[in-house]
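Okay, structure first, notes after.
In the text below, chain A, chain B and the rest are named by the order of the sequence lines, each starting its count at 1. FYI, side chains are in, hydrogens and waters are out, and symmetry mates aren't considered; it's all heavy atoms of this structure. Note that this is a predicted model, so its numbers are computed, not measured.
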Amino acid sequence: MIRTRFAPSPTGYLHIGGVRTALFCYLFAKKHHGQFILRIDDTDQQRNVEEALQPILDGLHWLGIDWDEGPEIGGQHQPYYQSQRSAKYQAAVEELLRRGFAYRDFAKPEEIQVEREAAVAEKKTFTYSRRWMAETDAGIKKFEEEGRQGVVRLKMPREGKLIINDLIRGQVEFDWATEQDHVIQRTDGSFIYHLANIVDDEDFEISHVIRAEEHLSNTPRQIFMIQSLGYRLPEYAHLPFVAEPGSKTKLSKRKLDKYLKNKDFAKLMNHGKSIADRLGLETTADGFNPVIVDFYRQVGYLPEAIVNAMALVGWALDDKTEFFLMKDLIRDFSLEGVTKGAASFDPQKLFAFQEKHILTKTVGEKVTLCMPFLEKSQSVCVKRNATFLSALVNAAGDRIKVAGDILDFIDFFTPDKALSYNETDVAKRLTPESLPLLTDFRNRLAQHDDFSHEALERLMQQFLDEKQIKVNEIIHALRVAVTGKGVGLGMFDTLEILGKESVLKRIDRALAR
RNA sequence: GGCCCCGUCGUCUAGCGGUUAGGACACGGCCCUUUCAAGGCCGCGGCACGGGUUCGAUUCCCGUCGGGGUCACCA
């Protein structure tokens, strides 16, 4: 049975790089009819674990990355929180000690630091002298009488090689001598991640450890523990990490200021922010930015677009296929298709996937997606029914890229007498030449009852023929009069959707300016 | 600094000894057009460098350079 796991720490947000790792773990498991497990790495006893975990769970649910065992649903290997698994870690530490693969150490941090700095000065690999190592009760007692506090360290081999057969990178060699005697249990008795990690993987029967490349260097010490405890060695697959836009540096949530200097990233952010502002959402950089999944949910991206985009950061099926839904990915995913080099997060490409995916949605689906955004809008709105919204969404067509873009058309919901005007457009389009024509056309409209798109277009054509003018000479003025803006939907769609009463009121108001 | 990983258009990538080095996003131009989108067509643009191996290297090997990761009583 193939079993993979994703092991986030409760940090309060789901990072886009984490999504990619979780997705690949999920896809690999599902592809092979296996199971995907979610485990929570909360070994450093944070408070508010539940609170900091919820956004991560919500994000995964939203994306459709569902787990077979883990928080909320439990499973046969529970608990899935590392903070609740101390007894197992304690047993493992004791076993390591008993077998002589670990020892108690009483060095003070500053004493280790002196040795480490000496090694750096000599440009050599740091190797701990084991001066404060205690392997007997007498030794332990002696150090304790000096007032020293002990930790448990791994007694790493100091010769020979380790060869890791990585499913993505092939054979990777390490010299044991370059590895260090890492701490696995702290002075206060708590456990270090690497220890907890391998104990859990064994306990959860994880067959494939699929994680980001930054863990490759940590693998030797984990394998040492696995072998020392007689556990089964999982397969390893180290993914390239997701890098910053236009760079090869690992993407991090902290460097938002830097990313915003990237024009494409800034564009994505500003688009999202303009929607969030109109919804009255908090947009502090800490919780609202394109590195965090919740950003996309809040402004109305499609989860399938995010999944599609992230799947192709570091993976490809062939030289042409780019559109994938989750089911396609499960069918087509393979570790052979995973790239080795770090792949940078491309905001433009992600947006392009959003455009492609929303194109597949019906008007009805888009209405459902847009509705919550209108309901949350801060603007003063006229109540409109579902038919009205359908007509609007239909006319808007592919102008609605994300659900929040419906707010671009908020003027359709504004009371006629509260319509705001873009003064630049007014100055440019409501000219002495166009105003008389607009007045004439307004009167035609007043005598006309059929406000269907087709009828209005015929009416306009008649008008143009009679006046011997081109459509350009009036239509821009008409648009500004009716919507207050120089850009918008098709003109006849606009008139039809607004309806006769509204259109006349708006034109009159513009003419009265 | 030690160790490890990586290196094809600006970006994501296909390529697994012989290709006019393919696609996508972005960008530029043209067409369509009532604005804005969308769509159609065309274009720009790449194998980091130097040695080998080979009849032949983007592809295999070595080195150089460049980028990155990791070396915590963080995960």
Per-nt protein contacts along nucleotides 21-39 of chain B (heavy atom under 4.0 Å; B base, S backbone sugar-phosphate only, - none) come out as -BBBSS-------BBBBS-

P atoms of B:G68 and B:U53, separation to the nearest Å: 35 Å

Provide, to the nearest angstrom, the distance between the OH atom belonging to A:Y103 and the C1' atom belonging to B:C73. 13 Å

Please report the closest heavy-atom contact between A:D411 and A:T483, naming both atoms and the distance. OD2-O, 3.3 Å

Round to a whole Å and report the spacing from NZ of A:K123 to P of B:G2. 7 Å

P atom, B:C9 versus B:C5: distance in rounded Å? 22 Å

Rounded to whole angstrom, note down the P distance from B:C55 over to B:C47. 27 Å

Pairwise 5' ranking along RNA chain B for A:A7 and A:Q171, keeping only the more 5' one: A:Q171

Quick one: pull up NZ in A:K253 and OH in A:Y259 and give me the separation to the nearest 0.5 Å. 11.5 Å

Per-nt protein contacts along nucleotides 65-72 of chain B (heavy atom under 4.0 Å; B base, S backbone sugar-phosphate only, - none) come out as --SSBSSS

Using the test side chain to side chain donor-acceptor pair (under 3.5 Å), find all partners of A:D346 that sit at least two apart in sequence or belong to another chain. none

List in chain and number order the residues that pass side chain to side chain donor-acceptor pair (under 3.5 Å) with A:E304, two or more places apart in sequence or in another chain; answer none if no residue qualifies. A:K361

Enumerate the residues from residues 433-442 of chain A whose closest heavy atom to RNA chain B is under 4.0 Å, giving them by residue number; use none for an empty result. none

Measuring only the P atom in each nucleotide, how far is B:C30 from B:C36? A whole number of Å is fine. 14 Å

Could you give the CD1-to-C1' distance, from A:I184 to B:C74, as a whole number of Å? 17 Å

May I have the distance from A:E244 (atom CD) to B:C12 (atom C1'), rounded to whole angstrom? 16 Å

On a whole-Å scale, what distance lies between the C1' atoms belonging to B:U20 and B:C27? 24 Å

Let's test this: given Watson-Crick or G-U wobble pairing with both distances under 3.5 Å, identify the partner of B:A24. B:U11

Of all residues at least two apart in sequence or in a different chain, which pass the side chain to side chain donor-acceptor pair (under 3.5 Å) check with A:N218? A:R221

Under a 3.5 Å cut-off for both distances, is B:C71 Watson-Crick or wobble paired, and to whom? B:G1

Euclidean distance for C1', B:C61 against B:U70 (whole angstrom): 27 Å

If pairing requires Watson-Crick or G-U wobble contacts with both distances under 3.5 Å, which nucleotide is the partner of B:G63? B:C49

Of all residues at least two apart in sequence or in a different chain, which pass the salt bridge (Lys or Arg N to Asp or Glu O under 4.0 Å) check with A:R104? none

Rounding to the closest angstrom, what is the interatomic distance between B:C44 and B:G50 at atom P? 25 Å

Looking only at the side chains, is there a donor atom on one of A:N197 and A:R5 sitting less than 3.5 Å from an acceptor on the other? yes

Please tabulate, one pair per line, all N/O donor-acceptor pairs under 3.5 Å involving side-chain atoms of residues 469-480 of chain A, not counting sequence neighbours.
| residue | atom | partner | partner atom | Å |
| --- | --- | --- | --- | --- |
| A:E473 | OE2 | A:K470 | N | 3.0 |
| A:R479 | NH2 | A:L489 | O | 2.7 |

Between B:C12 atom P and A:K340 atom NZ, what is the distance in whole Å? 17 Å

Excluding sequence neighbours, so at least two apart, what forms salt bridge (Lys or Arg N to Asp or Glu O under 4.0 Å) with A:E235? none

Classify A:E122 by what it touches in the nucleic acid, base, sugar-phosphate, or nothing, heavy-atom distance under 4.0 Å. nothing

Please give, in whole Å, the distance from B:C12 P to A:F351 CZ? 20 Å

For A:K88, all residues meeting salt bridge (Lys or Arg N to Asp or Glu O under 4.0 Å), sequence neighbours excluded: A:D203

Measure from CG on A:L162 to P on B:C3 and round the result to the nearest Å. 16 Å

In this structure, how many angstroms lie between the C1' atom of B:A75 and the CG atom of A:L195, rounded? 14 Å

Interatomic distance at C1', B:G67 relative to B:C25, whole Å: 23 Å

Throw together a table of side-chain donor-acceptor distances under 3.5 angstrom for residues 117-127 of chain A, partners on residues two or more places apart or in other chains.
| residue | atom | partner | partner atom | Å |
| --- | --- | --- | --- | --- |
| A:E117 | OE2 | A:Q113 | NE2 | 3.1 |
| A:E122 | OE1 | A:K124 | NZ | 3.3 |

With no hydrogens and no angle check, do the side chains of A:H182 and A:R153 hold a donor and an acceptor under 3.5 Å apart? no

B:C12 phosphate, OP1 or OP2, under 4.0 Å from A:S344 side-chain N/O: yes

Considering every strand shown, what is the Watson-Crick or G-U wobble mate of B:U34 when both distances are under 3.5 Å? none

Excluding sequence neighbours, so at least two apart, what forms side chain to side chain donor-acceptor pair (under 3.5 Å) with A:D405? A:H271

